[in-house]
Asker: 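I am attaching a structure below and will ask some questions about it afterwards.
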Amino acid sequence: MTHQTFDPVELLGERVRAAISAAAPDAPDDADAMISPSKRAELGDFQCNAAMPLAKRLGMKPRDLATKIVEHIDVTDLCEPVTEADIAGPGFINFRLQQDAIGTLLDRLDSPSLGLPAPESPTTVVVDVCGVNLAKQMHVGHLRSSVIGDTLARTFERLGETVVRQNHVGDWGLPIAMVTRKLQSEAEAGRVSLDDLTLDELDRLYKLAQHECRGQGKGLELVAKYNLGPKIEAELRAMHDEAMEHLAEAKATLVALQAQEPAVHAIWKRIYAVTMGACLKTCQRLHTRITEADSAGESSYAEELTTVVNDLVARGIAEESSGALVVRLDSPEDGGIAEPCLIRKGDGGYLYATTDIAAIKRRVQTIGADRVIYTVDARQSLHFKQVFAAARKAGYATKPGASQPSVLEHAAFGTVLGEDGRPFKTRSGENIRLSDLLDEAIDRARQDGGQQEPRPARR
RNA sequence: GUCCCGGUAGCUCAGUUGGAUAGAGCAGCCGACUUCUAAUCGGCAGGUCGGAGGUUCGAGUCCUCCCCGGGAUGCCA
C-alpha cells in the first residue's frame, strides 16, 4: 500500500487486482478492478465488474473467471467472506463490508488532510481566470470566468498541486489606445479629472472613443449602391473623414504607448489603476483569491511578440498567406484544424492569438506549468484549439527537458442568458455591470432573509 | 458549406473507462403536519434516453447516417 487510504473502492481494487493476477496470470498488470458502490443494496455494499471485460479479452467465460477471482481473493480484514454465492448474473462480484471495518476506515479520514494524500511530486497548474479589459466594467461573463476559475484553482490547491492564477488583463492594443487618447484630450480640456477618475467615467469614454473612430465605409457603399444623392454622401464623407482622423490619432497613441512615452504612459497607468482597483474589489466580493499578483496583462507580452513571430517564421512554422502571417494546422499531426491560426495581420499588427501563444510559452517554459487551464466562454473554443495546436507545433507547450507537451485545456462555460433566452443584457442592449448585479443579489437576499422570522432551531 | 457543443420525466439537470431494475430536485397527485407568502414530513405516479441502423453476452454511454436547438468560422478581442 502506498498510503493509508480510507476509500473502500481503492482498497478493494488492490485486493481484486491481486486476485486477478493470481487467478489469471495472462491478465494485464494494469487491469482495472472496476469497483463501484453497489447498484443493488440488498446484494452488497460494493461490486466488482472486472470479470466480464477481462474474460472477453482472455477468451474465458465471465462466470468462470469470477469464480477464480473469488477463490483467490483475500478480504478477510475488510468484508464478510466472499463465496460463489456472491457472484451474480454474468459475473458481478458483490462485497459486504464488516461493521468494524467501516469504523477503522472512518478513523483514517479524521486527519488534517481529511484523507487526501499529498502528491509525491506536486505539479504546477496555471489557471487563466477573470480576464477583464481596461476601461470596461466587469459583466456577467467575468462572473463565471472568475468563480469557476478560482474554484478550479482551489481544487488543485486542495489536492496539493502548485497553483498559479493568471489574470490575462486586456490592457493593450488599439482599443486601449483609443481610450487613452480620449482620456488624454478630455483631461487636457479640463472636462475630466484624472485624480478622481472612476470606472464608470472610463467606461463612458471607452464607448465614446469606439464610436468616434468608427468609419462610415459601409454607409458610403450604400450611398453609392442606391444612389442616395450628393448631400447624404457629403455628410457621411465628413463623418468618415473625421473618424479616420481619430483613428489615426489612436494609432499614433498606440505607438507612443509602445515607446513608453511618459505623458501617454502616465494616462495609461491611471486607466490601469482605476480599472484594476475596481476589478480586484469585485473579485474580493466574490470571495475569490484573485489578487494583483496574478495580473499578467497583454501589455506584459508586448515585447515578446516580435521575438515569437520571428522565431516562428525562421523555423518555418509560420508562413505568409494573402499578406498575413499564419500557422497552418490542417495536417493530422498538427491537430487537423482546417482554419489556420492568424498571428500577424496584413498591416503588420499582431492579434490576440499572437499574445495567447506568447502566454503559453511563458506559462509553460518560464512558470513551469504542467497543465494550463483556460476558464473562458465556450464561443472561443476554436480560438483555443488553434492557439494550443500552434503552441504545440512550435514546441512552446513543452517544458525544457520534457518529452511530452504540457496539458493545455479550455474549461469552456456557456453564455449567460436572460429570461428571454438571449445574452443577458439590459433592455437597451447594455451589459449589466457585475457590481450592480452583486449589489442587487445581496439586497434581495437581505430582503428575503429579513422578512422571514427565524425558523425554530432544529439541529 | 465545414467544424464544435447540446437533445434523458411536465421543467431544470445527474448518469464513472459499455454492466444488474436509467436517477435527483422542482412541478403534479394522495396523505400527515400546521402562524410565517418557492423550498415541513411521508408516499404515489411520471421515460419510444431526438430518430434509424450497426458493434457487443450486454448500449443513455461506442461507430455511421439523419432531424432539431445553440455556437463558431482568415486579418476585432
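The structure presented is a predicted model; accordingly, all values stated were derived computationally and were not measured. The chains referred to below are lettered A, B, ... by the order of the sequence lines, with proteins before strands, and numbering in each begins at 1.
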Asker: In whole Å, I'd like the distance from the CG atom of A:L254 to the P atom of B:rC76.
Answerer: 13 Å
Asker: Taking atom C1' in both B:rU21 and B:rC68, compute the distance separating them and give it to the nearest angstrom.
Answerer: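 To the nearest whole Å, 31 Å.
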Asker: If I pick the P atom on B:rU64 and the same atom on B:rA24, what distance separates them, to the nearest angstrom?
Answerer: 33 Å
Asker: Do A:D64 and A:K61 pass the salt bridge (charged side-chain N to carboxylate O under 4.0 Å, His left out) test, and can you show the C-alpha distance, the side-chain angles, and the key distance before you say yes or no?
Answerer: CA-CA 5 Å; A:D64 291 351; A:K61 287 184 183 169; 5.1 Å; no
Asker: A:A324 near the nucleic acid: base, sugar-phosphate alone, or nothing, with a heavy-atom cut-off under 4.0 Å?
Answerer: base
Asker: Taking the side chain of A:L342 as heavy atoms from C-beta outward, which of B:rG74, B:rG19, B:rC4 is closest to it?
Answerer: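 The answer is B:rG74, which lies nearest to the side chain.
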Asker: Give me the distance, rounded to whole Å, that separates B:rC63 from B:rC4 when you measure between the P atoms they each carry.
Answerer: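 Here B:rC63 and B:rC4 have their P atoms 12 Å from each other.
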Asker: Please work out if A:T355 contacts a base, only the sugar-phosphate, or nothing of the nucleic acid, heavy-atom cut-off 4.0 Å.
Answerer: nothing
Asker: Counting only Watson-Crick pairs (N1-N3 plus N6-O4 or O6-N4) and G-U wobbles (N1-O2, O6-N3), all under 3.5 Å, who is the partner of B:rU17?
Answerer: none
Asker: Tell me, do A:I35 and A:V16 make a side-chain contact under 4.5 Å, heavy atoms counted?
Answerer: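 They are in side-chain contact.
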Asker: In the 5'-to-3' direction, what one-character label does each nucleotide of nucleotides 12-17 of chain B receive under the scheme B = base within less than 4.0 Å of a protein heavy atom, S = sugar-phosphate only, - = no such atom?
Answerer: -----B
Asker: Under a 3.5 Å cut-off for both distances, is B:rG6 Watson-Crick or wobble paired, and to whom?
Answerer: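 Base-paired to B:rC68.
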Asker: Heavy atoms only, 4.0 Å cut-off, all strands: where does A:A88 land among base, sugar-phosphate and nothing?
Answerer: base
Asker: Checking all strands, does A:G170 fall into the base, sugar-phosphate, or nothing category for heavy-atom contacts under 4.0 angstrom?
Answerer: nothing
Asker: Can you find a pair of side-chain heavy atoms, one from A:L78 and one from A:P8, that are under 4.5 Å apart?
Answerer: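 A:L78 vs A:P8: side chains apart.
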Asker: Counting only Watson-Crick pairs (N1-N3 plus N6-O4 or O6-N4) and G-U wobbles (N1-O2, O6-N3), all under 3.5 Å, who is the partner of B:rC44?
Answerer: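 Matched B:rC44 with B:rG28 under the 3.5 Å cut-off.
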Asker: Atom CD of A:E319 to atom C1' of B:rG74: distance rounded to whole Å?
Answerer: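 In whole Å, B:rG74 C1' and A:E319 CD are 13 Å from each other.
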Asker: I need the minimum non-hydrogen distance between A:T180 and A:I176, along with the two atoms involved.
Answerer: OG1-O, 2.6 Å
Asker: Which whole-number value in Å describes the distance from A:Y206 OH to B:rA77 P?
Answerer: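 Taking OH of A:Y206 and P of B:rA77, I get 10 Å after rounding.
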Asker: In whole angstrom, what separates A:H383's NE2 from B:rA77's C1'?
Answerer: 8 Å
Asker: Need to verify one output field. Residue with the more 5' nearest nucleotide on RNA chain B, A:L382 or A:L351?
Answerer: A:L382
Asker: Would you mind reading off the distance between A:H410 atom NE2 and B:rA77 atom C1', rounded to a whole angstrom?
Answerer: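 Distance check: A:H410 NE2 to B:rA77 C1' gives 14 Å.
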Asker: Can you check whether A:K56 has a side-chain N or O nearer than 4.0 Å to OP1 or OP2 of B:rG58?
Answerer: no
Asker: At under 4.0 Å between heavy atoms, what does A:S322 touch on the DNA or RNA strands: base, sugar-phosphate, or nothing?
Answerer: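 Base contact - A:S322 has a heavy atom under 4.0 Å of at least one base atom.
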Asker: So do A:D86 and A:V82 actually touch side chain to side chain, heavy atoms under 4.5 Å?
Answerer: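 Yes, their side chains come closer than 4.5 Å.
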Asker: Measuring only the P atom in each nucleotide, how far is B:rG43 from B:rC26? A whole number of Å is fine.
Answerer: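 Looking at atom P only, B:rG43 and B:rC26 are 13 Å apart.
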Asker: Would you indicate whether A:E319, at its atom CD, is surrounded by more than 12 heavy atoms from other residues, nucleotides or ligands within a distance under 6.0 Å?
Answerer: yes
Asker: Can A:R328 and A:D330 be said to form a salt bridge (charged side-chain N to carboxylate O under 4.0 Å, His left out), step by step?
Answerer: CA-CA 6 Å; A:R328 294 200 187 280; A:D330 49 335; 5.8 Å; no
Asker: Answer yes or no: does atom CD of A:E303 have more than 12 heavy-atom neighbours from other residues, nucleotides or ligands under 6.0 Å?
Answerer: no
Asker: Should the pair A:W268 and A:W172 be assigned to parallel (<30°), tilted (30 to 60°) or perpendicular (>60°) ring geometry?
Answerer: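 Perpendicular: the ring planes of A:W268 and A:W172 meet at over 60°.
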Asker: So which nucleotide from B:rU73, B:rA77, B:rC76 ends up closest to the side chain of A:E339?
Answerer: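 Of the options given, the side chain of A:E339 lies nearest B:rU73.
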Asker: Can you find a heavy atom in the side chain of A:E249 that is under 4.5 Å from one in the side chain of A:M178?
Answerer: no
Asker: Between B:rG46 and B:rC30, how far apart are the C1' atoms? Round to whole Å, please.
Answerer: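 Each nucleotide's C1' atom is 15 Å from the other's.
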Asker: Is it the case that B:rA77 (base atoms only) and A:E298 (side chain only) share a donor and an acceptor within less than 3.5 Å, ignoring hydrogens and angles?
Answerer: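 Not at all, since no donor on one side and acceptor on the other fall under 3.5 Å apart.
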Asker: Given A:M138 and A:N133, is the side chain to side chain contact (heavy atoms under 4.5 Å, CB included) satisfied, shown in steps?
Answerer: CA-CA 8 Å; A:M138 289 175 86; A:N133 296 303; over 6 Å; no
Asker: Rounded to whole angstrom units, what separation is found between the CZ atom of A:F413 and the P atom of B:rG70?
Answerer: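 Taking CZ of A:F413 and P of B:rG70, I get 21 Å after rounding.
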Asker: Whole angstrom is fine here: how far is it from CZ in A:R379 over to P in B:rA77?
Answerer: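 My rounded result for the distance is 16 Å.
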Asker: Whole-Å distance between B:rA59 C1' and A:M52 CE?
Answerer: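 Roughly 14 Å, once rounded to whole Å.
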Asker: Across all strands, who's sitting opposite B:rU37 as a Watson-Crick or G-U wobble pair, both distances under 3.5 Å?
Answerer: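 Paired with B:rU37, as far as the under-3.5 Å criterion goes, is no nucleotide at all.
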Asker: How far does the C1' atom of B:rA14 sit from the matching atom of B:rG6, given to the nearest Å?
Answerer: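 One C1' to the other, the span is 15 Å.
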Asker: How far, in whole Å, is B:rG60 from B:rC13 if one measures between their C1' atoms?
Answerer: 14 Å
Asker: Distance alone, cut at 3.5 Å: any donor-acceptor contact between the side chains of A:T291 and A:R165?
Answerer: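 Looking only at side-chain atoms, A:R165 and A:T291 do not form any donor-acceptor pair under 3.5 Å.
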Asker: For A:L134, which of A:L202, A:L199, A:T275 qualifies under side chain to side chain contact (heavy atoms under 4.5 Å, CB included)?
Answerer: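 Testing A:L134 for a side chain to side chain contact (heavy atoms under 4.5 Å, CB included) against A:L202, A:L199, A:T275 leaves exactly one candidate, A:T275.
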Asker: So what's B:rC49 paired with, Watson-Crick or G-U wobble, going by both distances under 3.5 Å?
Answerer: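 Matched B:rC49 with nothing under the 3.5 Å cut-off.
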Asker: Which is true for A:F384 with a 4.0 Å heavy-atom rule: it touches a base, it touches only sugar-phosphate, or it touches nothing?
Answerer: nothing
Asker: Quantified in whole Å, what is the C1' atom distance between nucleotide B:rU2 and nucleotide B:rG18?
Answerer: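 Straight-line distance between the two C1' atoms is 31 Å.
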Asker: Residues of residues 91-98 of chain A with any non-hydrogen atom less than 4.0 angstrom from an atom of RNA chain B: list those, numerically ordered, please.
Answerer: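 Under 4.0 Å from RNA chain B: A:F92, A:N94.
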Asker: For the side chain of A:Y352, starting at C-beta, report the closest nucleotide among B:rA77, B:rC3, B:rC76.
Answerer: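 Among B:rA77, B:rC3, B:rC76, the one nearest the side chain of A:Y352 is B:rA77.
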Asker: Paired with B:rU61 by Watson-Crick or G-U wobble geometry, both distances under 3.5 Å: which nucleotide is it?
Answerer: none
Asker: Can you work out whether A:P62 or A:C48 has the more 5'-proximal nearest nucleotide on RNA chain B?
Answerer: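 Nearer the 5' end of the strand: A:C48.
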